[in-house]
Trainee: 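Sending over a structure as structure tokens; questions will come in a sec.
Letters go in sequence order (proteins before strands), and every chain restarts at 1. What you see is a predicted model, and the numbers here were worked out from it, not measured in a lab.
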There are 2 protein chains.
Amino acid sequence: MDQPPRPPTIDDVAKAAGVASSTVSRAFSRPGRVSFETSERIHRVAAELGYRTTSLARALPGGTTSMIALAISDITNPFYYEIIRGAQSAASEAGYTILLADTQESGTHERATLDRAVATVDGIVLATTRMSDSAIRMTAKQRPVIVLNRAVSDVPCVITDNPRGVRRAVEHLAELGHQRLTYLAGPEASWADGMRWRSLRETAMELELHVRRLGPFPPTVAGGARAAAEFAAHPTSAVVAYNDLVAIGAIRALTAMGARIPRDVSVIGFDNIFTAELVTPPLTTVAAPLAAMGRTAVGNLLAIVRGARPRAQAPVTLPCRLIVRRSTAHRRRYRTSPAWATTSVSGSADSAGRSTDAGSR
Amino acid sequence: MDQPPRPPTIDDVAKAAGVASSTVSRAFSRPGRVSFETSERIHRVAAELGYRTTSLARALPGGTTSMIALAISDITNPFYYEIIRGAQSAASEAGYTILLADTQESGTHERATLDRAVATVDGIVLATTRMSDSAIRMTAKQRPVIVLNRAVSDVPCVITDNPRGVRRAVEHLAELGHQRLTYLAGPEASWADGMRWRSLRETAMELELHVRRLGPFPPTVAGGARAAAEFAAHPTSAVVAYNDLVAIGAIRALTAMGARIPRDVSVIGFDNIFTAELVTPPLTTVAAPLAAMGRTAVGNLLAIVRGARPRAQAPVTLPCRLIVRRSTAHRRRYRTSPAWATTSVSGSADSAGRSTDAGSR
DNA sequence: CTGAAAGCGCTAACAG
DNA sequence: CTGTTAGCGCTTTCAG
């Protein structure tokens, strides 16, 4: 009839070592404040008993848990892999644990998840949130928050330099002789999408290219396929997709329709996810420093958690770079509309217009 | 001079509502045990004050946190995406939160991570652990544990039917006329790897095929590339890779060497990760029910957490199925070794052989 | 340097 | 149904 094998408490150790529990506590947290001898003995006894500090109880008085939440919109999106990895390593280096919250591309679901997490964690990084700015600020009032991939005033943010990335992409396309671009848009709630589209328009204007927007589409391969279907009705020689997944989906669908990439249409994606270099053709893309983003976000968050004054002013901006692979190529001039396009009835007229245009350079 | 805006406690609510704190507690946890009127008032007051139960403190007495840990070997591996997703949804449906622990393919790192988590969570899912059986049983003694992708006696497990999957793969290859297979092995610490290799050998023997093993290799695209380099020295017409990543890496490397897949060598992977159908050629693979695995693991874990007797006997086995895509094809008969193989000196003679061969079909 | 005592926010066990 | 009284395991004053 042995007593239930509940884990030893600090009091058990204290008793066994013949000291007060407060001393044991000190021995574990403030190594200097206890005599070497005593400390030694306590640690020995503790080890024998198999004592382990209970992070939970420890958290109670101060209210700090050494956990931070990482909220992402869809764990199925490869975009997050490296981000999570970076966040994870930064967190664990600092002795923090990551609570993963998949918010499934839904603002309401996200709020609910966060509501639960908010009480448990010391801080939150909102990667690609779909919440409104005000909802974000609301949350930020309760806990330290860092927003990744989006700029929200009054809340510290980490973003990538979308305008520059877009510019690189457009310049690249322009150099290849493309004059009309189509943007395959991502989710409406996406800040990055707005950013990219705006930059795209501005840059295109500057470089005197024509640009059109299709969408919104889900930021997935399936979304890309849908985008391709719309695109095919009025194709252009170049496409900029909201992200790599959409780009890949579009390429697949286009290829299935008989188009050849990049010969018939050049495609550029964003993010440089793992899969981007594995597909055929390997994807030209605006690469984001994924791991660094996760790492930076967590780093800054922890700084705030530890009492640094959040510099909410200018978002931290990480550079991105264009990686040219094989999904982009010189524009070919068509006399007539491409064979693969779905230009049904009115399409042909249209395409005639376009081909004229193409020749009139 | 307002007091520090610390979140309202249960006592604040109690005072404001003019009841005892225990009543408030009851109003929140045991809805029936409090008069409708009182409950009503309490909830109203609580809402006004912005009161939220502190899961942490709540956890203290009973010691249960409504969190479960999901330990995975490498978050960068797409294999986990759907598993995490499945686990996440099962957990959140049950009101549990997931603590993600990336153990970075290292048994020791894994133990350390777990040691920290073990005190915080109500249960643990070990997906693809690299720990020893005894270490696992050790952990299982402290907390409810469910092992995913591995069978460990005395610990409840969820696995996929590797033998059957392997059999399907080998039969498929045999039907295509292949007689010699190469297995590209995964990490030595991987249970699945051992399982697959053993099944492969047995099935091959039964079907009178010849099979050889190369490796171990890291379970990544890079690992696959390395595997390909070794493989090229003595190629066979068919390859079974430890997982899709290795398969993809091998295909890429082989292609770079000039081999054509599946014409020159047929390749089969395992898992059916997201990327498998996106690469060229789309990968033939033994698909695991990823989401179901995550879901089942969490479901069973929670059952145990809630007091079910763990049925540690037979592991729960989930079916898998062969998905035939384009990376496998009929074997072509070589007279001599193929041109692309790294058989250096004799190499040139080979290519002649191969072209001859091509015509001799 | 060490001990005693007072909580952290909440729940459980008793009495009313 | 509701209030009172103990703690949960640890940290933190405040005195020695």
Side-chain angles (χ1 to χ4, degrees), chain A residues 3-43 45-46 49-67 95 116 118-122 142-143, chain B residues 3-43 45-46 49-67 116 118-122 142:
Chain A
Q3 52 241 352
R6 100 180 131 55
T9 77
I10 198 173
D11 291 297
D12 297 333
V13 179
K15 195 163 301 174
V19 295
S21 65
S22 55
T23 307
V24 177
S25 174
R26 280 193 275 265
F28 275 94
S29 38
R30 216 115 353 160
R33 295 202 178 290
V34 89
S35 79
F36 178 76
E37 226 181 22
T38 313
S39 170
E40 170 100 325
R41 180 156 36 92
I42 289 176
H43 276 103
V45 172
L49 260 47
Y51 166 73
R52 331 211 45 215
T53 61
T54 306
S55 56
L56 222 57
R58 182 190 298 237
L60 200 17
T64 137
T65 58
S66 291
M67 292 197 277
R116 283 205 354 225
V118 94
T120 312
V121 300
D122 293 348
Q142 307 180 53
R143 292 278 177 215
Chain B
Q3 51 241 352
R6 97 176 135 55
T9 76
I10 197 172
D11 290 298
D12 299 332
V13 178
K15 195 163 300 175
V19 294
S21 66
S22 57
T23 306
V24 177
S25 173
R26 279 193 276 265
F28 275 94
S29 39
R30 216 106 2 144
R33 295 202 179 292
V34 91
S35 79
F36 177 76
E37 225 179 22
T38 315
S39 170
E40 171 99 323
R41 178 157 37 93
I42 290 176
H43 276 103
V45 172
L49 262 49
Y51 166 74
R52 332 212 46 216
T53 61
T54 307
S55 56
L56 223 57
R58 183 191 298 240
L60 234 221
T64 139
T65 58
S66 292
M67 292 196 278
R116 283 206 352 227
V118 95
T120 312
V121 300
D122 294 348
Q142 306 181 54

Trainee: Tell me what V24(B) touches on the nucleic acid: a base, only sugar-phosphate, or nothing, going by heavy atoms under 4.0 Å.
Mentor: nothing

Trainee: Please give, in whole Å, the distance from dG3(C) P to I10(A) CD1?
Mentor: 12 Å

Trainee: Where do D11(A) and S21(A) come nearest, in terms of heavy atoms and distance?
Mentor: OD1-CB, 3.5 Å

Trainee: Looking at S35(A), I'd like to know whether one of its side-chain N or O atoms comes within less than 4.0 Å of OP1 or OP2 on dC1(C).
Mentor: no

Trainee: So, for R41(A) and V19(A), which heavy atoms are closest and what is the spacing to 0.1 Å?
Mentor: NH1-CG1, 4.0 Å

Trainee: Write down the distance between CD1 (I42(B)) and C1' (dT2(D)), rounded to a whole number of angstrom.
Mentor: 10 Å

Trainee: Expressed as a whole number of angstroms, how long is the span from D11(B):CG to dA6(D):P?
Mentor: 16 Å

Trainee: Would you mind reading off the distance between K15(B) atom NZ and dT4(D) atom P, rounded to a whole angstrom?
Mentor: 13 Å

Trainee: Give one of base, sugar-phosphate or nothing for T54(A), where a contact means two heavy atoms less than 4.0 Å apart.
Mentor: sugar-phosphate

Trainee: So S29(A), base contact, sugar-phosphate only, or nothing? Heavy-atom distance under 4.0 Å.
Mentor: nothing

Trainee: Base of dG3(C), side chain of R26(A) - is there a donor-acceptor contact under 3.5 Å?
Mentor: yes

Trainee: Could you tell me whether the side chains of S22(A) and S25(A) share a donor-acceptor contact shorter than 3.5 Å?
Mentor: no

Trainee: How close or far is atom P of dG9(D) from atom CG of L60(A), stated in whole angstroms?
Mentor: 12 Å

Trainee: Do the side-chain N or O atoms of S25(B) get closer than 4.0 angstrom to the phosphate oxygens (OP1, OP2) of dC10(C)?
Mentor: no

Trainee: Closer than 4.0 Å, any side-chain N/O of R58(A) to the OP1 or OP2 of dT11(D)?
Mentor: yes

Trainee: Using every non-hydrogen atom in the two residues, find where R33(B) and R26(B) come nearest and quote the distance to one decimal.
Mentor: O-CD, 4.1 Å

Trainee: In this structure, how many angstroms lie between the P atom of dT2(C) and the CD atom of E37(A), rounded?
Mentor: 9 Å

Trainee: Checking contacts here: which listed nucleotide (dG9(C), dA12(C), dG9(D)) is nearest the side-chain heavy atoms of T9(B)?
Mentor: dG9(C)

Trainee: Without decimals, in angstroms, what is the distance between R30(A) CZ and dT12(D) P?
Mentor: 5 Å

Trainee: Expressed as a whole number of angstroms, how long is the span from F28(A):CZ to dT12(D):C1'?
Mentor: 18 Å

Trainee: With sugar-phosphate meaning primed atoms plus P, OP1 and OP2, does T53(A) contact a base, only sugar-phosphate, or nothing at under 4.0 Å between heavy atoms?
Mentor: sugar-phosphate

Trainee: Checking all strands, does Y51(A) fall into the base, sugar-phosphate, or nothing category for heavy-atom contacts under 4.0 angstrom?
Mentor: sugar-phosphate

Trainee: Have a look at Y51(A) and tell me which of I10(A), D12(A), I42(A) forms a side-chain contact (heavy atoms from CB on, under 4.5 Å) with it.
Mentor: I10(A)

Trainee: Looking at T23(B), does any N or O in its side chain come under 4.0 Å of the phosphate oxygens OP1/OP2 on dC1(D)?
Mentor: no

Trainee: On DNA chain D, compare the nucleotides closest to S21(A) and R33(B); which residue's is nearer the 5' end?
Mentor: R33(B)

